[in-house]
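Comments concern the structure below.
Ligands are counted one by one from 1 in listed order, and the atoms in each one are counted from 1 as well.
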Amino acid sequence: MGGFMKRHTIALGGAGLMLGVSLLAIHAQELTGELPDPPAFAAQSEPNFVSVTDILEYKALPEYHEPDWVTKKYVDAGTLPPVKDRLPKEPMVYKTGDMPDGIGVYGDTMRHVIGGRPEGWNYIGGQSQGWGGIDIGLSECLTRTGPLFEIKADELEPLPNLAKSWEWSEDGHELTMHLIEGAKWSDGDAFDADDVMFYWNDNVNDTNVSPLNGATPETFGVGTTLEALDPYTIKWTFKEVRPTQYLYAMAYGTFCPGPSHILKPEHPKYNTANTYEQYKNAFPPEYMNIPVMGAWVPVEYRADDIIVMRRNPYYWKVDEAGNQLPYLNEMHYRLSTWADRDVQAVAGSGDFSNLEQAESFVESLKRSAEDSAPARLQFGARTIGYALRMNFSANGWGEPDARGQAIRELNRNLDFRKAVSIALDRQRLGDSLVRGPFTAIYPGGLYAGTAFYDKASTVYYPYNIEAANTLLDGLGLTDTDGNGIRNLANGGGDLEITLLANTDYGTDTNLAEGVIAQLEPLGIRVIANFQTGTARDDMAQAGQFDWSVERQGSEMVSVVQGTTALAPTGPRTSYFHRAGTDGTLDLLPFEQELVDTVNAFVATSDNAERVALMKKYQHTYTENVYSVGLTQYPGALIVNKRFANIPAGAPIFMFNWAEDNIIRERVFVPADKQGDYELHPETLPGKPGGAGPV
Ligand code: GLA
């Protein structure tokens, strides 16, 4: 990109001496400043706010239907039971009143394009399927949160899903959940508490396994237990009283059980011949027809080309007329790049994109504004945000060498973090991505677009390169060998810091390059450690980084989703501070405050108290520059115009990604608009591990 000029070369090396500013003169107050309000940017459509009970219910219907070809080719031939026998006693029923275009028709394909690549199908064993909603389409979870963007604010609670109902004990410590009864995996095997307990006992609680989205026992509260009372009843016991917060952790992506009848035989506890690595990798991308609870099953995979998924004949959701869902017979995942996802969706050769890389906003907007545009493009609120995260572990997470250890100690120093923060010109970072009213200065912490954000509680340290240099001089980080790079204190080597970023996204590397360029005048040599998505995620998980520039998760926008990631509430809940080699967390005092605040937030359902706690959180977080905020901006959802039942105001990201928010199993294409895109028409998934569709 190279849009960063070295405007501040005057500050290079020994700037403190040149300016002669006394460190004593730099009080915190002088470094803070007025945070400019984000440029006004109106979301282009508002949701129709409804209650959970307006969306769905569980009940038996007098009759059920399926695509004709399924009846003729499979049921009539005796290779598949009749649809009523494949459905649970009381399927989930989507109510017509909440379907924007009503009851749909069968057929067609949603053509996704993604930049990720599948590692394999063992989601609960820690394998990525390549993102872009592919795993969201395969997995179903106890509860569901994506569609909550359209739930009335005062009724906010996760939707039932595999757990069809629940109740709290009198004392509030126990939560009993009723699983959907008689639902089946896509191969016909029964779904029940065995699947739930295998996930909990042998994946979440087995520390040799790291489920994909980072579920750990602490995600559900320290000391929480789970037991099965019968095949369709499970009971949680919490230390806290009525921690409704954990219902959010039971949604995607931290409580989506896998098929225990397939996975268990590969797990080392049940198969002593296998290592944990073998368990994780037992279902490579070539393994077809992995049993799922989701609406579509992978039936074809061609490396760097495509994953094709076909309708799950045992899917357990229907519409009010009794039509088994999904309406769409097929789903494609083109294995390309994320930028190509935008291009193809706008051009009409793909069907869907979360327009989230600000660099392509202008082009995409231009084309989509034309009447002939094949896709609808709709901007939402500012729910995309990037931050520079520093590794806070000084007790061995990721096993740093001596240089790395020295950086960890600097990362833990407030003056150092402030210096880095005020050396960055956030306005320029945002403008380098896209001009216009999109990007806003992001001081770190909760996003301005969230309900819990409070500007008055946000401490902002504006750009001030001179003060930044003075702060570093004060830490003894001076350029002792005159090469333009500061040296570590006490005769140490050059101040060199590696910066981890994801090359799958232009925005990630553009922002990382911006940070590198802007810190050069500060006399810090930041060295790019740019990795493709999977490798980056593995290194981040393992703590192998000094710094990382990344798009943050839902905790910063919804607060109630991913809540335990807001602070190191457990040994493995934070993204940038996890337990060291001895299993302990070396928390700084302000981190302990953040942990206490987040725990208090989880433990109360009193909304006024929660609002007050999040103000405190925001203040502690931003005052201490817990991460260095960079830029925040809105994203746009792009969906091809032929699709119906796309809810109004669906954000690309809030409680979850748009692939969950739009409830794809309800989406359909009207008969007169259907395209000829199915690659495996009139087929269903074959046997697990078999060659493909049948
Ligand atoms: C990736 C994409 C997002 C979204 C998610 C879904 O992260 O960048 O837009 O599609 O996958 O998991």
Any N or O of [X] closer than 3.5 Å to N or O of ligand 1:
X	value
Glu659	yes
Asp135	no
Ile136	no

Short side-chain to backbone donor-acceptor contact, [X] and [Y], under 3.5 Å:
X	Y	result
Thr503	Phe530	no
Arg341	His112	no
Asn203	Phe198	yes

| request: With heavy atoms only and a cut-off of under 4.0 Å, state how Arg341 meets ligand 1: side chain, backbone, both or neither. | output: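 Under 4.0 Å from ligand 1, Arg341 contributes side-chain atoms alone.
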
| request: Tell me which part of Arg551 gets within contact of ligand 1: side chain, backbone, both or neither, using heavy atoms under 4.0 Å. | output: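 Side chain only.
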
| field | Proximal atoms of ligand 1 relative to Asn354 (non-hydrogen, under 4.0 Å) | value |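 Those atoms are 3 (C), 4 (C), 9 (O), 10 (O).
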
| request: Could you list the atoms of ligand 1 found under 4.0 angstrom from a heavy atom of Gly133? | output: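 Reading through ligand 1 atom by atom, the close ones are 6 (C), 12 (O).
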
| Nearest neighbour of atom 8 (O) of ligand 1 from the list Tyr252, Tyr505, Phe653, on a heavy-atom basis |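 It is Tyr505 whose heavy atom sits nearest to atom 8 (O) of ligand 1.
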
| request: Any chance you could measure Ile638, atom CD1, to Asp342, atom CG, to the nearest 0.5 Å? | output: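 It is 5.5 Å, given to the nearest 0.5 Å.
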
| Rounded to the nearest 0.5 Å, what separation is found between the CG atom of Leu142 and the CG atom of Asn161? |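 Going from CG on Leu142 over to CG on Asn161, the span is 8.5 Å.
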
| query | Hey, is Glu286 close enough to Arg302 for a salt bridge, meaning N to O under 4.0 Å? | reply |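 Looking at Glu286 and Arg302, the cut-off is not met.
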
| Thinking salt bridges, do Arg310 and Glu678 make one under a 4.0 Å N-O criterion? |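 Answer for the salt bridge query: yes.
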
| field | Residue, atom name and distance, where the atom is the protein heavy atom closest to atom 11 (O) of ligand 1 | value |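 For atom 11 (O) of ligand 1, the nearest protein heavy atom comes out as Gly132 N, 2.9 Å.
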
| request: Can you pull out the closest protein heavy atom to atom 3 (C) of ligand 1? Residue, atom name and distance to 0.1 Å, please. | output: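 Here the nearest protein heavy atom works out to Glu356 OE1, 3.5 Å.
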
